[in-house]
A.B. asks: 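Here it is: the structure, laid out below.
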Amino acid sequence: MAILKTDLPHDKIPARVEDASKVQEIGIIGEIEDVEAGTTKADVFDLVPGNYVLICNEVAHYMAGMHLAFVVK
């Protein structure tokens, strides 16, 4: 899972040029990697006010709808 700080709509993050099954991680703030099915991981991120998108950037997961917009005020 990755957190991107962006004003782009959560469903309009551009695909990577070299691998269209993943999106560009432009404005990446942080990420949690290697989360296995059925497990959990946690971290703390210090986010400034703005627009963000939470994405899963595993192959085709973003295209399957694994993304969410949120706002920090």
Side-chain angles (χ1 to χ4, degrees):
M1 301 300 292
I3 300 171
L4 310 178
K5 187 173 190 317
T6 181
D7 288 324
L8 291 172
H10 67 98
D11 58 348
K12 301 295 184 201
I13 308 298
R16 290 182 179 178
V17 174
E18 70 281 358
D19 182 0
S21 68
K22 294 184 176 187
V23 297
Q24 297 176 26
E25 293 181 346
I26 299 168
I28 189 165
I29 299 299
E31 61 188 327
I32 297 175
E33 298 181 303
D34 302 322
V35 181
E36 299 295 327
T39 66
T40 60
K41 285 192 176 182
D43 205 339
V44 176
F45 301 94
D46 187 21
L47 305 178
V48 299
N51 298 314
Y52 294 86
V53 177
L54 178 66
I55 66 166
C56 180
N57 215 9
E58 291 295 318
V59 173
H61 286 204
Y62 176 86
M63 290 181 283
M66 295 181 74
H67 48 83
L68 173 76
F70 65 97
V71 176
V72 174
K73 295 185 177 192

A.B. asks: Which residue pairs pass the ring pair (Phe, Tyr, Trp, His ring centres under 6.0 Å) test with at least one member in residues 19-48, sequence neighbours excluded?
C.D. replies: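 Sorted result for residues 19-48: empty, none.
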A.B. asks: Between L4 and I55, which heavy-atom pair has the shortest distance, and what is it?
C.D. replies: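 It is CD1-CD1, 4.0 Å.
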A.B. asks: Tell me which pairs pass side-chain hydrogen bond (donor to acceptor under 3.5 Å, both in side chains) where either residue lies in residues 37-58, with sequence neighbours left out.
C.D. replies: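 Qualifying pairs, neighbours excluded: D7-N51, E25-N57.
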A.B. asks: Looking at K5 and G50, what are the two nearest heavy atoms and their distance?
C.D. replies: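 Smallest heavy-atom distance, with atoms named: NZ-CA, 4.0 Å.
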A.B. asks: Return the OG1 to CD1 distance between T6 and I28, rounded to the nearest 0.5 Å.
C.D. replies: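 One gets 12.0 Å once the value is rounded to the nearest 0.5 Å.
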A.B. asks: Table please: side-chain donor-acceptor pairs of residues 11-19 below 3.5 Å, with sequence neighbours left out.
C.D. replies:
{"unit_1": "R16", "atom_1": "NE", "unit_2": "V23", "atom_2": "O", "d": "3.2"}
{"unit_1": "D19", "atom_1": "OD1", "unit_2": "S21", "atom_2": "N", "d": "3.2"}
{"unit_1": "D19", "atom_1": "OD1", "unit_2": "S21", "atom_2": "OG", "d": "2.6"}

A.B. asks: Is V53 reachable from V35 through a run of hydrophobic residues whose side-chain heavy atoms are each under 4.5 Å from the next?
C.D. replies: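 Each belongs to a different hydrophobic cluster.
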A.B. asks: Would you please name every residue forming a ring-ring contact (aromatic ring centres under 6.0 Å, His included) with H10, sequence neighbours left out?
C.D. replies: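 For H10 the ring-ring contact (aromatic ring centres under 6.0 Å, His included) partners, ignoring immediate neighbours, are H67.
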A.B. asks: My understanding is that only residues two or more places apart in sequence, or in another chain, count here; which of them pass side-chain hydrogen bond (donor to acceptor under 3.5 Å, both in side chains) with E31?
C.D. replies: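 Testing E31 for side-chain hydrogen bond (donor to acceptor under 3.5 Å, both in side chains), a comparison that skips the adjacent residues, returns none.
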A.B. asks: Might you point out which heavy atoms bring L47 and I29 nearest each other, and give the distance in Å?
C.D. replies: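 Scanning both residues, the minimum pair turns out to be CD2-CG2, 3.5 Å.
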A.B. asks: Please round to the nearest 0.5 Å and tell me the distance separating atom NE2 of H61 and atom SG of C56.
C.D. replies: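 The NE2 atom of H61 sits 5.0 Å away from the SG atom of C56.
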A.B. asks: Test: ring pair (Phe, Tyr, Trp, His ring centres under 6.0 Å). Region: residues 11-34. Which pairs qualify, not counting sequence neighbours?
C.D. replies: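 As it turns out, there is no ring pair (Phe, Tyr, Trp, His ring centres under 6.0 Å) pair with a partner in residues 11-34 once direct neighbours are skipped.
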